Amino acid sequence: MEWCSITCRALVVSMVLLLYNMLLISSPPAAAATTEAQVEAEAEALRNSTWWWYMENTTSHHCTWEGITCNTEGHVVRITYSYIDGKMVELSKLKFSSFPSLLHLNVSHSSMYGRIPDEIGMLTKLTYLRISECDVHGELPVSLGNLTLLEELDLAYNNLSGVIPSSLGYLKNLIHLDLSFNYGLSGVIPSSLGYLKNLKYLDLSINEINGSIPYQIGNLENLTHLYLHHCYFFVYNLVSFFVVLGFLLISRKTRKIQTKEIPTKNGDIFSVWNYDGKIAYEDIIKATEDFDIKYCIGTGGYGSVYKAQLPTGNVVALKKLHGWERDEATYLKSFQNEVQILSKIRHRNIVKLQGYCLHKRCMFFIYNYMGRGSLYCVLSNEVEALELDWIKRVNVVKSIVHAVCYMHHDCTPPIIHRDISSNNILLDSKLDAFLSDFGTARLLHPDSSNQTLLAGTYGYIAPELAYTMVVTEKCDVYSFGVVALETMMGKHPGELFTLLSFSSTQNIMLTDILDSRLPSPQDQQVARDVVLVVWLALKCIHSNLRSRPTMQHISSKLLTQSPFLGPFHRISLWQLNALEI
Ligand SMILES: *[C@@H]1O[C@H](CO)[C@@H](O)[C@H](O)[C@H]1NC(C)=O
Ligand SMILES: *[C@@H]1O[C@H](CO)[C@@H](O)[C@H](O)[C@H]1NC(C)=O
Ligand SMILES: *[C@@H]1O[C@H](CO)[C@@H](O)[C@H](O)[C@H]1NC(C)=O
Ligand SMILES: *[C@@H]1O[C@H](CO)[C@@H](O)[C@H](O)[C@H]1NC(C)=O
Ligand SMILES: *[C@@H]1O[C@H](CO)[C@@H](O)[C@H](O)[C@H]1NC(C)=O
Ligand SMILES: *[C@@H]1O[C@H](CO)[C@@H](O)[C@H](O)[C@H]1NC(C)=O
Ligand SMILES: *[C@@H]1O[C@H](CO)[C@@H](O)[C@H](O)[C@H]1NC(C)=O
Ligand SMILES: *[C@@H]1O[C@H](CO)[C@@H](O)[C@H](O)[C@H]1NC(C)=O
């Protein structure tokens with residue numbers, strides 16, 4: 001029995017040894033021991049960092065320390081450090097190479113100082129890195145490009161300096177990049193940022209970045225927020241296009257326009273026609289310091305918009321297009337034809353194209369500059385929205401009707417805007433409205449005639465475009481209807497659409513949807529105009545394009561009296577909907 005048990009024990013031991021040896025061959029050596037050593041190294045690195053100096057006399061396990069999260073194996077996966085009382089701690093005191101499992105590092109708004117060490121590039125599993133609102137200085141390490149799993153990188157509100165390393169272009173998973181308010185980041189924006197296909201948010205504002213915006217930024221299809229310098233703008237994407245939320249303008253007098261077209265020896269067309277025939281290419285370059293970022297007031301997938309004061313004192317908006325890759329000959333021809341059409345447009349409610357430059361290196365349009373910015377901006381501003389009273393709002397709508405009607409019915413061939421939205425209605429200092437970005441979408445898609453790439457702004461696109469992709473005048477009518485409602489409601493009518501589709505319009509009163517920031521119109525005539533506008537707008541947003549009126553029809557209706565529907569406060573949307581145009 002004793003023998004047997006010894007033998008058995010020996011057998012068991014030898015089998016265990018055998019298994020152990022097999023394990024040694026088939027898997028990394030001493031995995032358990034390595035884990036333990038690694039966990040101990042992490043604990044030691046945390047103790048040595050002095051970040052948790054207030055824990056120095058305690059024996060509690062490091063995984064229980066404030067802001068530390070470990071996984072089931074005991075590896076630190078998350079560090080959130082926000083201690084601000086007591087002493088300053090140095091960022092580089094934490095030995096980053098000791099944390100191979102770290103996924104999340106947040107030392108935002110803490111008493112952290114020092115430089116960002118190169119060693120940060122060892123945290124290759126990191127998905128979230130935020131060292132913002134600290135006292136960190138020095139340059140951004142190139143090794144940040146090692147953190148290819150990063151989705152958010154926020155180093156804002158520090159004292160960082162030097163250039164933005166182009167290695168950031170390796171961070172293919174990045175969604176959010178914020179380097180703003182460092183004051184000292186300088187040099188140019190690396191074109192490699194154009195590789196960050198997932199980027200949605202990019203903020204480099206309040207730094208000393210100069211040079212021009214690399215056109216590769218236009219590749220960032222997912223970008224919804226872009227902040228550069230003191231500029232503030234959005235880039236909407238369906239297809240990318242401009243939306244300038246800048247401070248656009250109008251010149252006081254429209255003077256006589258001269259056209260000057262100089263085909264150069266390369267066949268490049270350079271044409272600038274303007275008030276006095278005096279704007280020269282050199283003036284534009286000088287006024288913008290060769291399109292320096294500090295003159296930029298907006299940017300988008302197709303290019304950037306700059307504000308420039310010319311030697312004559314006139315202020316213009318320059319829309320500089322990015323380079324083009326498509327078949328050059330066709331593109332140039334098409335561009336020229338379109339420009340010729342646009343240059344002939346003369347309407348007091350359309351922002352005037354003052355000139356253009358078509359050149360291999362640089363392609364831009366020159367427009368009047370509008371002082372009050374877009375209708376969207378004015379409606380979003382509590383003070384300016386009040387200034388835009390009912391009379392002015394009705395006038396804004398009438399101006400848009402005149403502009404679009406002119407395009408659809410007085411131009412041969414008719415021109416379809418394709419992108420009417422509150423962002424493309426610009427207001428001058430007297431709050432008179434001007435349609436802008438006319439034909440941009442078609443200009444930029446010369447190969448599309450009626451069939452089109454979807455161009456337009458989400459929330460303004462006629463529903464049929466979702467399945468037919470055929471652009472007709474009725475698409476503009478729909479977008480106009482949305483803008484007209486928005487003007488009366490003070491906000492995008494998205495919620496109203498939902499209400500209209502889910503509940504009876506019978507119990508929605510007109511007064512319920514009007515902008516509540518303005519007092520109800522007191523004057524009878526003004527009240528009637530408001531009713532008229534809402535009625536026509538509701539007709540324009542009809543889901544069946546054949547039921548929508550034409551711009552001509554709307555224009556003629558605007559000259560008539562609104563139908564009498566009883567006292568203003570008793571008018572319901574149902575009544576307005578039921579009334580045939
Ligand atoms: C921690 O500091 C001690 C001495 O202060 C040093 O011997 C040790 O190597 C350090 N450990 C780590 C992980 O930095
Ligand atoms: C830790 O203990 C030492 C010696 O008793 C003391 O000087 C030090 O202030 C303590 N540290 C903290 C954070 O309490
Ligand atoms: C990072 O830390 C800051 C400050 O403590 C906090 O406001 C923020 O929510 C943290 N971020 C995440 C994702 O936990
Ligand atoms: C980048 O990551 C690799 C591991 O993937 C590591 O070996 C290398 O040292 C890191 N480079 C830097 C500069 O941190
Ligand atoms: C920022 O860093 C620069 C040097 O890089 C230094 O001269 C300056 O004093 C720092 N500013 C602050 C507020 O720390
Ligand atoms: C842009 O910034 C860099 C680095 O600060 C500087 O060397 C260069 O002169 C600046 N260029 C212009 C046009 O200001
Ligand atoms: C970015 O856009 C592409 C399509 O253009 C899409 O497939 C991808 O999921 C988007 N990424 C994110 C993070 O939204
Ligand atoms: C575009 O539409 C117009 C009328 O809407 C039609 O006359 C014309 O033939 C169409 N062009 C193409 C290329 O389909």
Side-chain angles (χ1 to χ4, degrees), residues 33-71 73-136 140-141 143-144 147 149-160 171 173-182 198-203 224-225 227:
T34 311
T35 299
E36 223 166 82
Q38 176 56 40
V39 166
E40 181 43 41
E42 290 174 25
E44 191 171 302
L46 290 178
R47 282 194 297 273
N48 278 14
S49 73
T50 70
W51 291 11
W52 289 267
W53 51 271
Y54 52 94
M55 300 296 283
E56 71 183 355
N57 293 339
T58 66
T59 53
S60 63
H61 193 271
H62 63 275
C63 287
T64 67
W65 291 1
E66 191 183 353
I68 305 229
T69 309
C70 298
N71 63 13
E73 291 173 326
H75 296 297
V76 177
V77 288
R78 205 179 159 103
I79 296 177
T80 305
Y81 188 85
S82 57
Y83 208 81
I84 46 171
D85 299 327
K87 60 179 184 180
M88 300 284 288
V89 294
E90 193 172 352
L91 185 63
S92 60
K93 280 277 172 66
L94 187 71
K95 194 176 169 195
F96 291 113
S97 58
S98 299
F99 300 92
S101 307
L102 199 63
L103 305 173
H104 178 112
L105 176 62
N106 184 359
V107 300
S108 176
H109 195 57
S110 67
S111 53
M112 199 64 66
Y113 74 97
R115 291 165 179 276
I116 302 175
D118 288 338
E119 243 196 10
I120 204 149
M122 308 284 281
L123 300 174
T124 47
K125 290 234 176 86
L126 219 53
T127 58
Y128 182 97
L129 175 59
R130 184 161 163 192
I131 308 175
S132 58
E133 298 173 72
C134 297
D135 215 349
V136 172
L140 296 180
S143 64
L144 282 173
L147 311 182
L149 299 180
L150 267 191
E151 287 168 11
E152 175 155 353
L153 175 58
D154 183 351
L155 305 175
Y157 292 92
N158 280 298
N159 193 12
L160 294 166
L171 309 182
N173 291 298
L174 211 56
I175 296 168
H176 184 109
L177 175 58
D178 190 350
L179 303 175
S180 64
F181 285 90
N182 275 292
N198 287 317
L199 208 60
K200 288 187 177 158
Y201 183 102
L202 174 60
D203 190 351
T224 55
H225 292 76
Y227 304 90

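When reading the values below, keep in mind they use all heavy atoms of this one structure, side chains included, and skip hydrogens, waters and symmetry mates. Note that the structure is a prediction, hence the values are computed from the model and not measured. In listed order, ligands and their atoms are each counted from 1.
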Within 4.0 Å of some non-hydrogen atom of H104, the atoms of ligand 3 are 13 (C)
Considering the heavy atoms of S82, write down every atom of ligand 3 situated less than 4.0 Å from one of them.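 Here the atoms of ligand 3 in question are 5 (O).
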Any idea which heavy atoms bring M112 and E90 closest together, and the distance? SD-C, 3.9 Å
Look at the rings of H104 and Y128 and say which category their plane angle falls in: under 30° parallel, 30 to 60° tilted, over 60° perpendicular.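 Taking Y128 first and then H104, their aromatic rings lie parallel (interplane angle under 30°).
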Can you tell me if [X] uses its side chain to pair, donor with acceptor, with the backbone of [Y] under 3.5 Å?
X	Y	answer
N71	E73	yes
Y113	M88	no
D154	R130	no
N158	I131	yes
T127	L149	no

Check the pair S108, S132 against side-chain hydrogen bond (donor to acceptor under 3.5 Å, both in side chains), reporting the backbone distance first and the verdict last. CA-CA 5 Å; S108 176; S132 58; 3.1 Å; yes
If you have a sec, work out which protein heavy atom is nearest [atom] and how many Å separate them, to one decimal?
atom	answer
atom 4 (C) of ligand 3	S108 O, 3.8 Å
atom 13 (C) of ligand 3	Y128 OH, 3.2 Å
atom 14 (O) of ligand 2	N57 ND2, 3.6 Å

In ligand 1, which numbered atoms sit nearer than 4.0 Å to a non-hydrogen atom of K95? 14 (O)
Report, in ascending order of atom number, the atoms of ligand 2 lying under 4.0 Å from any heavy atom of W53.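 So the atoms of ligand 2 that pass are 13 (C).
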[atom] protein-contacted (non-hydrogen atom, under 4.0 angstrom):
atom	result
atom 7 (O) of ligand 2	no
atom 10 (C) of ligand 2	yes
atom 2 (O) of ligand 2	yes

E44 N/O under 3.5 Å from ligand 1 N/O: yes
Would you check whether N48 has a nitrogen or oxygen atom less than 3.5 angstrom from a nitrogen or oxygen atom of ligand 1?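 There is such a contact, yes.
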Looking only at N/O atoms, are T80 and ligand 3 under 3.5 Å apart anywhere?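 Checking ligand 3 against T80, no N or O pair falls under 3.5 Å apart.
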Go through the steps to decide whether E42 and H75 satisfy the test side-chain hydrogen bond (donor to acceptor under 3.5 Å, both in side chains), and finish with yes or no. CA-CA 7 Å; E42 290 174 25; H75 296 297; 3.0 Å; yes
Would you say ligand 2 has an N or O under 3.5 Å from any N or O of Y54?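 Y54 vs ligand 2: no N/O contact under 3.5 Å.
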